[in-house]
Amino acid sequence: MEVVIVPDATAGGELIAEAIAALLSRKPDALLGVATGSTPLPVYQALAAKVRSGAVDVSRARVCQLDEYVGLPEGHPESYRSVVLREVVEPLGLSESSFMGPDGSAEDIQAACEAYDRALAEAGGVDLQLLGIGTDGHIGFNEPCSSLASRTRIKTLTEQTRIDNARFFDDDIEQVPHHVITQGIGTILESRHPVLLATGEGKADAVARTVEGPVASVVPASALQLHPHATVVVDEAAASGLKLADYFRATYAAKPRWQGL
Ligand code: GLP
């Protein structure tokens, strides 16, 4: 995988927004897989700024969700559908019809998961999948020991993830759902270009295990090592556990700029 070390979260957001803009200029109706959480927000802000300045045309872009809570009432502000509408779809001026996600309130969750995997395939597959990382190394909501071949399915959150996400629920862990739907690791690996962004010291250990550890389901993000074109963008703090940081810096510095990510 390619590891790019940037000075800070803003620079990471700008770099990935540039990659998305380049993708959309090659393929205007690209399907962008978006992640929730705090980390990707600088990407969405940088992309929205490019849309406002006319530097990128997103009018034909399509957006799809990575994961979703199960059982939140429809329209709950912290459902990932609401978050993506608020942080991505609306600021980019996209229509709701260009946006797809799994149905976390379906009666038959398993059928909803299978339907979502089918819908992604029928849409031509995800062109660029933006990912964050959990402190335990999860991507999407694929918690440690998720099958590396998994498809979209229901998962149970670890206590750590519910603690991490309580900040979105009035700091009340009781309000954080136990169950979620997530694209599987196998599903994520089918995207043409997974791009993981990690910022802050709290992610340093998970990043080091993802990049320099063995591929192991106990660190779900390490599965990205199996993808022929995976990019990991980290700020200095999140890179602080990488033994090969200098090598990654030198490699990226030597890369021709026109190649992009
Ligand atoms: C949640 C999401 C992940 C996200 C992670 C990290 O668990 N399901 O997709 O990567 O949070 O969030 P943050 O970026 O806020 O640290």
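For ligands, and for the atoms within them, numbers begin at 1 and follow the listed sequence.
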Ligand 1 N/O within reach of G140 N/O, cut-off under 3.5 Å: yes
Which residue and heavy atom of the protein sit nearest atom 4 (C) of ligand 1, plus the separation: T36 O, 4.0 Å
Protein contact of atom 12 (O) of ligand 1 - nearest heavy atom, named by residue and atom, plus distance: G37 CA, 3.9 Å
Positive for side chain to side chain contact (heavy atoms under 4.5 Å, CB included) with V234, one of L197, L196, V207, I133: V207
R167 near ligand 1 by a heavy-atom separation under 4.0 Å: yes
Nearest atoms (heavy-atom pairs only) where S98 meets L94: OG-CB, 3.6 Å
Main-chain N/O of F99 paired with R62 side-chain donor or acceptor, under 3.5 Å: no
S146 versus R153, side-chain donor and acceptor atoms under 3.5 Å: yes
Distance-only N or O hit between ligand 1 and F168, under 3.5 Å: no
H138 neighbourhood, listing ligand 1 atoms whose heavy-atom distance to it stays under 4.0 Å: 1 (C), 5 (C), 7 (O)
A206, G202, A198, G132: member with heavy atom nearest to atom 10 (O) of ligand 1: G132
Protein contact to atom 8 (N) of ligand 1 [nearest heavy atom, distance to 0.1 Å]: D67 OD2, 2.7 Å
Which residue and heavy atom of the protein sit nearest atom 16 (O) of ligand 1, plus the separation: K203 NZ, 2.6 Å
Proximal atoms of ligand 1 relative to F141 (non-hydrogen, under 4.0 Å): 1 (C), 7 (O), 8 (N)
Any side-chain donor near an acceptor of the partner, H76 and S82, under 3.5 Å: no
Option among L66, N165, V88, D67 that satisfies the side chain to side chain contact (heavy atoms under 4.5 Å, CB included) test with T36: D67
Minimum-distance protein heavy atom relative to atom 2 (C) of ligand 1: Y80 OH, 3.7 Å
Close-contact set for ligand 1 against S38 heavy atoms, below 4.0 Å: 13 (P), 14 (O), 15 (O)
Donor on one side chain, acceptor on other, E74 and S105, under 3.5 Å: no
N165, portion touching ligand 1 at heavy-atom distance under 4.0 Å: side chain
Whether F169 and Y69 hold their rings parallel, tilted or perpendicular, with breakpoints at 30° and 60°: perpendicular
Trace of the side chain to side chain contact (heavy atoms under 4.5 Å, CB included) decision for F168 with S38: CA-CA 10 Å; F168 297 113; S38 313; 3.8 Å; yes
Intermediate values then yes/no, side chain to side chain contact (heavy atoms under 4.5 Å, CB included), E96 and R81: CA-CA 10 Å; E96 256 192 70; R81 180 176 178 83; 3.0 Å; yes
Closest approach of any protein heavy atom to atom 6 (C) of ligand 1, naming residue and atom: I133 O, 3.5 Å
Which segment of T39 sits under 4.0 Å of ligand 1 when only heavy atoms are counted: both
